[in-house]
Amino acid sequence: MSKTMTFEEPIVTLREKIIELEEFTLTNEVDLSEEITTLKNRLKNLESEVYGNMEPWDRVQVARHPERPTSLDYIQELFEDFILLHGDRTFGDDAAIVGGIAAFGTTPITVIGHQRGKDTKENVKRNFGMPHPEGYRKALRLMKQAEKFNRPIICFIDTKGAYPGKAAEERGQSEAIARNLVEMAGLTVPVISIVIGEGGSGGALALGVANHIHMLEHSTYSVISPEGAASILWKDASLAKQAAEAMKITAPDLKEMEIIDEIIPEVLGGAHRDVKQQASHIGDTIRKSLETLGKMDKAKLVADRYEKFRKIGVFTE
């Protein structure tokens with residue numbers, strides 16, 4: 001059974017009431033069809049109201065939902081002939097980042113994404129989706145390979161951030177992220193990044209220097225988590241809800257500030273409700289991006305990416 005988020009409780013309560021009445025009807029042979037129809041109409045209106053007016057903290061909860069589709073879920077739905085590649089040829093393989101070559105329709109592509117687990121065992125294996133430096137070096141290796149063979153690159157972003165542990169720092173975490181930023185800026189093939197869950201800090205940006213950046217409707221993209229920001233600003237992590245509102249980390253906020261290119265609509269209630277339908281929405285967006293970027297030559301792709309990031313942010317003197 002899907003986990004219920006706090007803001008969904010009125011919907012769940014009404015849905016349970018409908019189920020209760022339907023079971024009572026079957027058991028006691030009582031005609032309650034009119035009442036059930038009325039409640040179902042009320043449920044439909046309530047769902048539209050709740051999911052259509054979500055606050056930033058509500059979207060954070062959806063982005064963190066344990067059943068939210070991962071990179072591998074979307075790879076399975078969107079691409080054919082996917083070949084998973086491993087290792088950075090320097091230290092080892094990082095299960096928190098997956099990548100390889102595949103076909104999107106008739107187009108050969110390279111796909112890379114953060115990968116978290118669905119349960120405790122898999123989360124431990126994948127370090128809860130927080131990559132070590134070898135993960136970012138693996139991603140860069142695959143990007144340079146894509147450039148060599150003129151394949152577009154598609155990145156799925158879904159991480160709380162790069163792993164901040166001692167071993168990761170000893171192996172050059174900050175250098176690995178910085179190198180990805182530099183190298184991605186100069187890639188001569190189309191790069192499309194899609195935030196599918198949490199996009200946290202430099203760990204997310206290391207796969208985010210793209211020509212087109214898209215976000216799922218209920219995903220987040222930020223330099224720090226709401227809890228981290230609240231701890232710094234107000235010395236109180238419990239004020240994360242207020243921080244989420246102030247930080248402007250949701251897709252509508254980032255679209256308004258022209259940091260992202262397109263908001264990909266989610267199925268009612270969140271992507272975890274219907275992976276196939278959600279993948280279809282993502283596929284439509286990828287298709288449009290590839291069509292647009294495919295018209296650009298190598299120099300134009302690099303210049304387009306440079307201009308995109310050059311104009312982000314405003315300042316006054």
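Position 1 is the first residue of the sequence; numbering continues from there.
Under a cut-off of 6.0 angstrom, the local environment of NZ in Lys144 is crowded, with over 12 non-hydrogen atoms contributed by other residues, nucleotides or ligands. Counting non-hydrogen atoms of neighbouring residues, nucleotides and ligands closer than 6.0 angstrom, the NZ atom of Lys118 exceeds 12 such neighbours. Lys308 NZ: more than 12 foreign heavy atoms inside a 6.0 Å radius. Within a 6.0 Å sphere centred on CD of Glu258, heavy atoms belonging to other residues, nucleotides or ligands number 12 at most.
Just one of Leu207, Ile192, Val111 meets the side-chain contact (heavy atoms from CB on, under 4.5 Å) condition when paired with Cys155; it is Leu207. Checked against Lys40 for a salt bridge (charged side-chain N to carboxylate O under 4.0 Å, His left out), the options Glu22, Glu35, Glu47 give a single hit: Glu22.
Taken from CD in Glu217 to CD in Gln278, the straight-line distance is 8.5 Å, to the nearest 0.5 Å. Going from atom CZ of Arg273 over to atom CG of Leu268 covers 8.0 Å, rounded to the nearest 0.5 Å. The distance from atom CG of Leu254 to atom NZ of Lys248, rounded to the nearest 0.5 Å, is 10.5 Å. Atoms NE2 and CD1, on His218 and Ile263 in that order, are 10.5 Å from each other to the nearest 0.5 Å. The CZ atom of Arg59 lies 11.5 Å from the CG atom of Leu216; values are rounded to the nearest 0.5 Å. If you take CG on Leu140 and CD1 on Ile112, they are separated by 8.5 Å, rounding to the nearest 0.5 Å.
Considering only heavy atoms from C-beta on, Thr110 stays 4.5 Å or farther from Phe149 through its side chain. Side-chain contact between Asn180 and Val209: absent, with no pair of heavy atoms (C-beta onward) separated by less than 4.5 Å. Counting only heavy atoms from C-beta outward, the side chains of Gln277 and Glu77 never approach each other to under 4.5 Å. Side-chain contact between Ile36 and Phe24 is absent, with no heavy-atom pair separated by less than 4.5 Å. Side-chain contact check for Leu205 versus Ile177: every heavy-atom pair is 4.5 Å or farther apart. Looking at heavy atoms from C-beta onward, Tyr163 lies in side-chain contact with Gln173 at the 4.5 angstrom threshold. At a threshold of 4.5 Å between non-hydrogen side-chain atoms, the residues Leu301 and Pro190 count as touching. The shortest distance between side-chain heavy atoms of His214 and Val195 does not fall below 4.5 Å.
Inspection of the Ser289 and His212 side chains reveals an N or O donor paired with an N or O acceptor under 3.5 Å.
In plain terms, the two heavy atoms of Ile249 and Pro226 that are nearest each other are CD1-CG, 3.9 Å.
We find that Arg137 and Glu175 are joined by a salt bridge, their nearest charged nitrogen and carboxylate oxygen being less than 4.0 Å apart. Using a cutoff of 4.0 Å between basic side-chain nitrogens and carboxylate oxygens, Arg126 and Glu122 are scored as salt-bridged. Salt-bridge annotation for Lys241 and Glu245: absent, with no side-chain N of the basic residue lying under 4.0 Å from a carboxylate O of the acidic one.
Counting only distance, with no hydrogens or angles, the side chain of Arg68 and the backbone of Ile196 share a donor-acceptor pair below 3.5 Å. With hydrogens and angles disregarded, a donor-acceptor distance shorter than 3.5 Å links the side chain of Tyr136 to the backbone of Gly203. A distance-only check finds a donor-acceptor pair linking the side chain of Gln115 to the backbone of Leu72 [under 3.5 Å]. Judged by distance alone, the side chain of Arg116 and the main-chain N or O of Asp158 form no donor-acceptor pair under 3.5 Å. Using a distance-only test at 3.5 Å, with no hydrogens or angles considered, a donor-acceptor pair links the side chain of Ser71 to the main chain of His114.
Residue pairs meeting the side-chain hydrogen bond (donor to acceptor under 3.5 Å, both in side chains) criterion with at least one partner in residues 184-211, sequence neighbours excluded, are Arg64-Glu198, Glu147-Thr188, Lys160-Glu198, Asn211-Asp304, Asn211-Arg305.
Linking Ile, Leu, Val, Met, Phe, Trp and Tyr residues whenever their side-chain heavy atoms come within less than 4.5 Å leaves Leu85 and Val98 in two separate clusters. With hydrophobic clusters built from ILVMFWY side chains whose heavy atoms lie under 4.5 angstrom apart, Phe79 does not share a cluster with Val189.
With sequence neighbours left out, Pro69 forms a side-chain contact (heavy atoms from CB on, under 4.5 Å) with Asp73, Tyr74, Ala271, His272, Val275. In this structure Glu256 satisfies the salt bridge (Lys or Arg N to Asp or Glu O under 4.0 Å) test with no other residue, sequence neighbours excluded.
Relative to the six-membered ring of Phe91, Arg171 meets both conditions, a distance below 6.0 Å and an angle of at most 45° to the axis.
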